[in-house]
Amino acid sequence: MEHHSLTLLVDIALSIIFATFFAIIAKALKQPLVLGYVIAGLIIGPLFGPYVGGKLTIGYVKSEESIELISEIGLILLLFIIGLEIDLKELARMGRSMFALGVLQFFLGVAAAWFAFRTFFPPAPGNFDLLYFAIALSLSSTMIVVKLLHDKFEISTVAGRLTIGVLVLQDIWAILFMGIQPDLQDPQILNVLGSLVKGIALVAVAFVVSRYILSRIFLFAASKPELVLITSIAWCFFLCGVAEKLQLSKEMGALIAGVSIAAFPYGADVISKLSGIRDFFITLFFVALGMKIQAPSASDLGLAFLAVGFVLVSRVLIIAPTVFFSGKGLRAGIVAGLNLAQISEFSLVILALGVQKEHIGKDLQAIVLTSMIIASIISTYVILFNDTIARGIISFLSIFGVKENKEPLESQVTGETKRDIVVLGYFRIAQGLIDGIEDDKPSWLKRMLVVDFNPIYRQTLESKGIRWAYGDLANPESLHHLGIEEARYIVCTVSDMILKGTTNRRLLESLKSICRHHQPKIILTTDDPKEAEVLRNNGAAHVIVPGKISGLSLFTELSGMVDVNGSVTIVKSTKAKPKKTTSNKKKVKKTK
């Protein structure tokens, strides 16, 4: 037992060390970090075998028990964190169109996969390979999507909200399937209803305990962050144990534990405290995936690539038309479909349970795992360039007469307050501008959108009521989905000296093109007075020349200090004791 514990500790240490090494290489090569994690697992796992050239050992982690345990711990805490991110109030606000999109995406996806792959997995009584494969291909990776969209600051965009909405509903379908999964061999209505009743009862008990007991425990522990963290994880594993006793999956218990904590007032605080260990277990999860990779046959590898291609095409074909006909725009639908083009962690959970219950064989699990890894790597690039790919698809469709005449405004889709004052770049000038607005025109703050590449100011701005959005000014086309076309005033507070990859002149032409249906007043910044004249002639409503403004400000200050005789007036404030009937007055003393 002691030897096994030491082996597990060594295996986890090796996983983290190799993951760090290959993640650094991936970052240096500008590749996704996930790729580095998977390669690390591949290198230290058993695939490479104990020998290379008959001498050198590469596959350090050889214990299948260690790999499974690492993967299971990572998966349980991963689903717990996913549960914490599920906002039930947001789900209730999604509306009928969002619910319809979630229903159509999953059930049409399952049906399409069933018919597309039935020749590879012929349906037969007692054979569930095709059903598991179809369901696995219809679920997207919440973890990968949320992480990549968060890194790109696209969670709050129209396409981002659609993506998250579909992911939440996918999780619900997965939970429902896990509830009836134990009864697939003997699908009697009483057994299925019994599993559903157990699941509903577990959810109800979890919410009652979290509301009336856990809320008080967290209130008591609030001053001790480590106690909040330990209590959260204890709650997770407690519900995992209860779920297992009820013959439900441990992973389902972890998800319910997360959702129940997210529902009460301290949910956001728990999420923030758990964020530190989230990346640690995400890393272990992907390393464990790499360890599980087996040497696939040519036919299995071909089927895995075919599955990845099916996922990418089917997501766009199902989601884009649904979103387009609901009035939310063709581009938003295509981007949402591209965002969801991968295979979920839930699929692995469902398949693992299927193997345990002998519904499917390990060969199918290996094919889906290979497909998931390939899709995860490809998806990182697809999401990175989702806007460019979407506009390319729209351009191609326009050849056949399918086009979006006018993309709907973001405020029309989301129902949010229109942000008609847009500030591009958040540097010294913008900071001074917002300070002035905060002092004299605070009502303007809720009308403002600040676009910048540095997220360090995001929390500060959003606390004032200003919306912050990530944007690369060197690529103005990417500004389309931020709602800039709704603006009445656009202010670029960054001069050409600071701008990277573009100039105010090029930016002016791009903004005029983006806002061609409703031309706003555009205010730009330049250090060159001659360039200011060119910008005004090209359509800028006003041009700021910081050096000139600073000089005029200095002249105004100096002219107030020097009299006609050349004497300098120094203004001093005297701290006289306040009187009830008179106000304090400033005294002026002249000196030569």
Side-chain angles (χ1 to χ4, degrees), residues 32 34-35 37-39 41-42 45-48 64 67 71 75 105-141 144-145 170 173-174 177 181 184 285-286 288-319 337-338 340-382:
V34 171
L35 180 59
Y37 302 152
V38 173
I39 292 175
L42 187 66
L47 176 62
F48 272 64
E64 188 173 342
I67 296 170
S71 179
L75 195 53
Q105 182 279 318
F106 179 74
F107 289 99
L108 288 180
V110 171
W114 180 281
F115 286 104
F117 292 96
R118 63 185 305 173
T119 56
F120 296 96
F121 307 102
N127 186 340
F128 301 103
D129 284 0
L130 184 57
L131 175 62
Y132 274 85
F133 195 68
I135 289 175
L137 298 190
S138 301
L139 299 173
S140 304
S141 173
I144 293 174
V145 173
Q170 282 182 357
W173 307 135
F177 180 75
Q181 195 174 5
L184 283 179
F285 177 76
F286 277 108
L289 280 185
M291 291 180 193
K292 289 182 178 181
I293 296 177
Q294 302 174 4
S297 63
S299 60
D300 288 349
L301 192 60
L303 183 57
F305 274 103
L306 190 62
V308 172
F310 169 83
V311 168
L312 180 60
V313 173
S314 65
R315 292 289 195 276
V316 176
L317 288 180
I318 293 172
I319 293 174
L338 293 171
L340 293 164
Q342 63 286 129
I343 298 172
S344 175
E345 308 83 29
F346 258 136
S347 298
L348 298 182
V349 178
I350 291 171
L351 289 166
L353 293 173
V355 171
Q356 289 177 13
K357 299 181 183 304
E358 299 182 349
H359 294 170
I360 59 173
K362 288 190 175 181
D363 291 342
L364 179 64
Q365 187 182 30
I367 292 171
V368 174
L369 174 61
T370 305
S371 303
M372 178 186 179
I373 292 170
I374 295 170
S376 299
I377 295 170
I378 293 175
S379 181
T380 55
Y381 297 101
V382 171

Please find the pair of heavy atoms, one from A304 and one from S371, that lie closest to each other, and give the distance. CA-OG, 3.2 Å
Contact summary for Q342 and V145, nearest pair of heavy atoms: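 Looking at all heavy atoms of both residues, the shortest contact is OE1-CG2, 3.0 Å.
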Take F310 and F117, measure what ring-ring contact (aromatic ring centres under 6.0 Å, His included) needs, and give me the verdict at the end. CA-CA 10 Å; F310 169 83; F117 292 96; 5.4 Å; yes
Quick one, F107 with W173, criterion ring-ring contact (aromatic ring centres under 6.0 Å, His included). Give me CA distance, side-chain angles, the key distance, then yes/no. CA-CA 9 Å; F107 289 99; W173 307 135; 5.4 Å; yes
Assess the residue pair V316 and L340 against the criterion (side-chain contact (heavy atoms from CB on, under 4.5 Å)); give the C-alpha distance rounded to whole Å, side-chain angles, the decisive distance to 0.1 Å, and a yes or no. CA-CA 9 Å; V316 176; L340 293 164; over 6 Å; no
Within this structure, what is the [atom1]-[atom2] distance for the pair [X] and [Y], rounded to the nearest 0.5 Å?
{"X": "L369", "Y": "I374", "atom1": "CG", "atom2": "CD1", "answer": "9.5 Å"}
{"X": "L137", "Y": "Y132", "atom1": "CG", "atom2": "OH", "answer": "14.5 Å"}
{"X": "I367", "Y": "S299", "atom1": "CD1", "atom2": "OG", "answer": "7.5 Å"}
{"X": "I135", "Y": "L351", "atom1": "CD1", "atom2": "CG", "answer": "9.5 Å"}
{"X": "L108", "Y": "S138", "atom1": "CG", "atom2": "OG", "answer": "9.5 Å"}

Could you tell me if the side chain of [Y] sits less than 4.5 Å from the side chain of [X], heavy atoms only?
{"X": "S140", "Y": "Q170", "result": "yes"}
{"X": "L139", "Y": "I350", "result": "yes"}
{"X": "R118", "Y": "L130", "result": "yes"}
{"X": "L338", "Y": "R315", "result": "no"}

Begin from the C-alpha positions of L303 and F121 and carry the test side-chain contact (heavy atoms from CB on, under 4.5 Å) through to its verdict. CA-CA 11 Å; L303 183 57; F121 307 102; 3.7 Å; yes
Show, in sequence, the C-alpha distance, side-chain angles and deciding distance for D129 and F133, and conclude whether the side-chain contact (heavy atoms from CB on, under 4.5 Å) test is met. CA-CA 6 Å; D129 284 0; F133 195 68; over 6 Å; no
Start with the C-alpha gap between T370 and D300, add the side-chain angles, then the distance that decides, and say whether side-chain contact (heavy atoms from CB on, under 4.5 Å) holds. CA-CA 9 Å; T370 305; D300 288 349; over 6 Å; no
Scan residues 302-312 for pairs that pass side-chain hydrogen bond (donor to acceptor under 3.5 Å, both in side chains), counting only residues two or more places apart or in two chains.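 Qualifying pairs, neighbours excluded: none.
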